[in-house]
Amino acid sequence: MEPFKNLTSKVVPLDIANIDTDQIIPKQFLKLLGKTGYGEYLFFNWRYDKQGIPLKDFVLNSPVFSGRQILLTRENFGIGSSREHAVWALKDYGFKVILGVSFADIFYSNCSKNGVLVIKMDKNTIEDFFSSKINENFEIDLIQQQIKINSKVFDFDIDPTLKNYLVNGLDEISKTLELGNHIKKYEDKNKVSVKSESMI
Amino acid sequence: MAQTLYDKIWDNHVVYSDEGSDLSLLYIDRHYVHEVTSPQAFDGLRINERNVRRPDLTFATVDHNVPTTNRSLPIVDQISSLQIKALENNCKEFGIRLFDIHDKYQGIVHVIGPELGLTLPGSTIVCGDSHTSTHGAFGSLAFGIGTSEVEHVLATQCLWMKKSKNFEIVLNGGLKQNQAISSKDVILNIIRKIGTSGGSGSVIEYKGNYISSLTMEKRMTICNMSIEAGARAGLVAPDDITFEYLRGRVYSPKNELFDQQMDDWKNLRSDNGAQYDKTFSIDIDNLAPQVTWGTNPAMTIDVDSAIPSPDEYSKGNDDEKKSAIKALEYMNLKPGLPITDISVDRVFIGSCTNARLEDLIEASNAVKGKKVSSNVKAMVVPGSQQVKIAAEKLGLDKIFINAGFEWREPGCSMCLGMNPDILQAGERCASTSNRNFEGRQGTGGRTHLVSPLMAAAAAIAGKFVDVREWV
């Protein structure tokens with residue numbers, strides 16, 4: 001995983017609450033076998049009309065917001081399906097940070113495994129970002145856990161383990177495999193097996 | 001200290017805790033795998049030259065994109081076919097038991113796990129699918145995970161987790177309830193009341209005399225949709241109904257071993273005085289049949305009322321008001337329209353929420369001796385081969401076919417429309433599935449979530465009806 005330490009970008013404001021992962025990446029694009037190439041299908045049904053022509057009103061189609069790497073959203077983002085394809089699509093499109101009030105549990109976890117930083121801020125702060133900070137540079141410093149906008153500083157929380165993974169781009173599976181003795185001990189103690197089950 | 005059921009299962013599975021972090025490494029007893037969220041995980045193993053740690057605890061099936069038409073024909077969709085083939089190859093390479101498309105135990109992963117006795121009380125269960133919460137009906141801690149976590153579990157049989165909050169939902173009453181009301185109406189009503197983020201960061205334990213009175217299949221419907229309230233998992237303490245369901249299943253422990261385990265399982269309940277972070281109680285006497293009108297499962301209303309206005313729905317929350325306006329536009333519905341004036345084009349009876357034998361029996365009660373409305377195309381997709389066989393033994397297939405329903409092969413089908421079973425743009429569907437998100441059942445399709453009985457009655461009447469007047 002690529003390390004994430006800091007990023008400076010303006011935001012793409014997606015002013016909708018309760019966005020589900022079916023909207024982030026519709027089901028017809030879940031048939032690919034890899035983790036890349038999903039960016040062009042991000043928010044597909046909101047982004048294109050039936051003929052595949054970009055819809056002018058949708059925020060990702062506005063040239064003003066092109067190239068920005070922070071997605072600003074509202075409450076309850078990423079609900080529904082566990083599809084990690086939603087994160088792969090956001091990442092492939094170029095988003096490195098998702099900023100909002102709250103996130104669905106599985107979506108949050110999926111982001112952390114892909115080096116995408118999710119920042120939760122209170123409702124009033126997010127409202128302030130939407131109403132007056134759309135065209136400001138957001139200087140995000142993960143090590144300090146701060147967002148600097150002009151000279152104003154906003155602090156944010158993150159689990160120290162998740163932060164460590166993101167900052168150092170660590171591979172979680174390698175770390176867990178180092179705990180192989182603990183896993184083996186657990187299995188021996190709890191006799192985890194299927195011996196009790198008659199095979200078909 | 002008094003513990004909740006969730007606390008107990010959690011403690012029993014902690015392998016290691018990281019100091020200074022909220023995360024614990026949990027052991028996973030069962031890993032269910034399907035074709036759509038696993039290919040990248042197996043690739044990850046190959047790239048890093050890793051193995052599957054416990055193939056004996058890993059079980060796979062094909063459900064998400066399999067066609068529900070005649071299984072002797074080749075799969076027309078080449079890309080779906082590749083995904084199915086990839087799972088076959090991966091299972092072969094890593095030694096995993098696969099219930100393939102021709103297997104007598106094939107079916108929707110959340111239908112076959114319990115049906116085969118793989119899902120057991122007190123165990124931890126994961127699957128790359130959010131509706132894994134279904135298995136919580138057995139008092140197992142079961143939750144959906146992403147593909148990176150699928151890879152992690154394949155490689156280590158463990159998962160790093162932050163402990164969720166304890167959320168108690170007490171379901172009172174319902175014992176003298178109208179027969180037309182099902183556990184689907186109950187869970188839709190709960191989501192309507194607590195919202196799609198009401199359970200966020202929590203594991204919900206369902207308690208109360210209503211849940212204890214339910215069969216396992218009806219409890220599964222409730223736990224299944226816990227995720228639609230944002231919860232990580234749903235839980236019901238196992239009891240005699242649970243044990244009788246499990247006894248004698250294909251993979252259930254046998255004979256004395258079953259009795260021994262049952263003694264342990266009986267301790268799987270929350271202690272008196274256990275503390276919950278959140279409590280909600282609901283009296284379900286006099287509950288009306290529920291129908292969703294919008295584009296998330298909290299947008300639900302009684303069948304004998306009308307479409308709410310955005311103000312009525314949002315109660316002063318601006319974000320919710322905007323969502324409601326957008327939903328009404330997408331659904332092409334106007335506030336004030338009675339639900340029973342809404343006609344439907346399609347009816348789908350299926351999915352991990354409502355495609356078990358009892359669901360099909362319930363639906364058939366509205367269909368027997370009647371004909372599907374000439375304006376409606378209706379289909380029944382049993383949850384598994386075993387459900388299909390059992391239903392056919394009861395003659396349910398004939399009841400549905402004679403009425404004009406299509407009787408299909410098992411799979412997720414039109415719940416998420418990854419296979420050819422999809423809505424056309426503008427079509428309106430009464431569906432027993434779990435999500436009414438925009439485009440979920442087909443781009444531009446409009447979904448109303450209902451119980452199996454409501455869906456069946458809508459197929460006959462061509463519109464929503466108050467099923468309390470039907471039974």
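So that the names make sense, note that chain A is the first sequence line, chain B the second, and so on, each numbered from 1.
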Please classify the contact between [X] and chain A as side chain, backbone, both or neither, with a heavy-atom cut-off of under 4.5 Å.
X	result
B:His64	neither
B:Asp22	both
B:Ser81	neither
B:Val14	backbone
B:Gln441	backbone
B:Ile227	side chain
B:Asn12	backbone
B:Thr156	both
B:Glu320	side chain
B:Asp318	neither

Exercise. Can you check whether B:Gly201's main-chain N or O pairs, donor with acceptor, with A:Asp105's side chain at less than 3.5 Å?
Worked result: yes
Exercise. Under 3.5 Å, is there a donor-acceptor pair between the side chain of A:Gln23 and the main chain of B:Glu438?
Worked result: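 Checking the backbone N and O of B:Glu438 against the side chain of A:Gln23, a donor-acceptor pair under 3.5 Å is found.
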Rounded to the nearest 0.5 Å, what separates atom [atom1] in [X] from atom [atom2] in [Y]?
X	Y	atom1	atom2	answer
A:Lys31	B:Ile84	NZ	CD1	9.0 Å
A:Gln28	B:Leu416	CD	CG	10.5 Å
A:Phe103	B:Ser200	CZ	OG	11.0 Å
A:Ile16	B:Asp319	CD1	CG	10.5 Å
A:Thr176	B:Trp160	OG1	CH2	5.5 Å

For this session: Go through B:His13 and A:Asn190 one step at a time and tell me if the side chain to side chain contact (heavy atoms under 4.5 Å, CB included) criterion holds.
Result: CA-CA 9 Å; B:His13 289 86; A:Asn190 292 278; over 6 Å; no
Given heavy-atom pairs under 4.5 angstrom as the criterion, report whether the side chain, backbone, both or neither of [X] touches chain B.
X	answer
A:Pro160	side chain
A:Lys163	neither
A:Asp171	side chain

Take atom [atom1] in [X]; do more than 12 heavy atoms of anything else shown fall under 6.0 Å from it?
X	atom1	answer
A:Lys175	NZ	yes
A:Asp49	CG	yes
B:Lys326	NZ	yes
A:Asp155	CG	yes
B:Ile79	CD1	no
B:Lys163	NZ	yes
A:Lys5	NZ	yes

Over all atoms of both residues, closest heavy-atom pair of [X] and [Y]:
X	Y	answer
B:His152	A:Ile173	CD2-CG1, 3.6 Å
A:Ser81	B:Arg440	CB-NH1, 4.3 Å
B:Gln83	A:Leu30	NE2-O, 2.8 Å
A:Lys27	B:Thr443	NZ-N, 3.9 Å
A:Ser82	B:Ser130	OG-N, 3.4 Å
B:Ala86	A:Leu33	CB-CD2, 4.3 Å

Problem set entry | Geometric class of the B:Tyr16/A:His182 ring pair [parallel <30°, tilted 30-60°, perpendicular >60°] | perpendicular
For chain B, which candidate among [options] shows the most heavy-atom pairs at distances under 4.5 Å?
options	value
A:Asn110, A:Leu32, A:Thr161, A:Ile183	A:Ile183
A:Asn76, A:Leu162, A:Asn164	A:Asn76
A:Ser109, A:Ala86, A:Gly80, A:Ala104	A:Gly80
A:Leu177, A:Asn114, A:Asp20	A:Asp20

Partner chain A: residue of [options] with the largest heavy-atom pair count (under 4.5 Å):
options	result
B:Gly144, B:Gly44, B:Pro297	B:Gly144
B:Leu25, B:Asn296, B:Thr295, B:Asp29	B:Leu25
B:Gly128, B:Gly417, B:Ser323, B:Cys158	B:Gly417
B:Glu228, B:Lys322, B:Glu149	B:Glu149
B:Gln157, B:Lys162, B:Glu151	B:Glu151

Problem set entry | Distance-only polar pair, side chains of A:Glu84 and B:Ser148, donor-acceptor under 3.5 Å |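 Side chains of A:Glu84 and B:Ser148: pair found under 3.5 Å.
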Problem set entry | Side-chain donor-acceptor contact under 3.5 Å, B:Gln40 with A:Trp88 |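 No donor-acceptor contact under 3.5 Å links the two side chains.
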For this session: In sequence, state the C-alpha distance, the side-chain angles, and the governing distance for B:Arg50 and A:Ser174, and then conclude on side chain to side chain donor-acceptor pair (under 3.5 Å).
Result: CA-CA 10 Å; B:Arg50 288 173 180 145; A:Ser174 302; 3.0 Å; yes
Exercise. With a 4.5 Å heavy-atom cut-off, do A:Ile106 and B:Arg232 have their side chains touching?
Worked result: yes
For this session: Using a 4.5 Å cut-off on heavy atoms from C-beta on, say whether the side chain of A:Asp159 contacts that of B:Leu23.
Result: yes
For this session: Starting from the C-alpha separation in whole Å, work towards a yes-or-no answer on salt bridge (charged side-chain N to carboxylate O under 4.0 Å, His left out) for A:Lys35 and B:Asp43.
Result: CA-CA 10 Å; A:Lys35 291 187 182 182; B:Asp43 277 348; over 6 Å; no
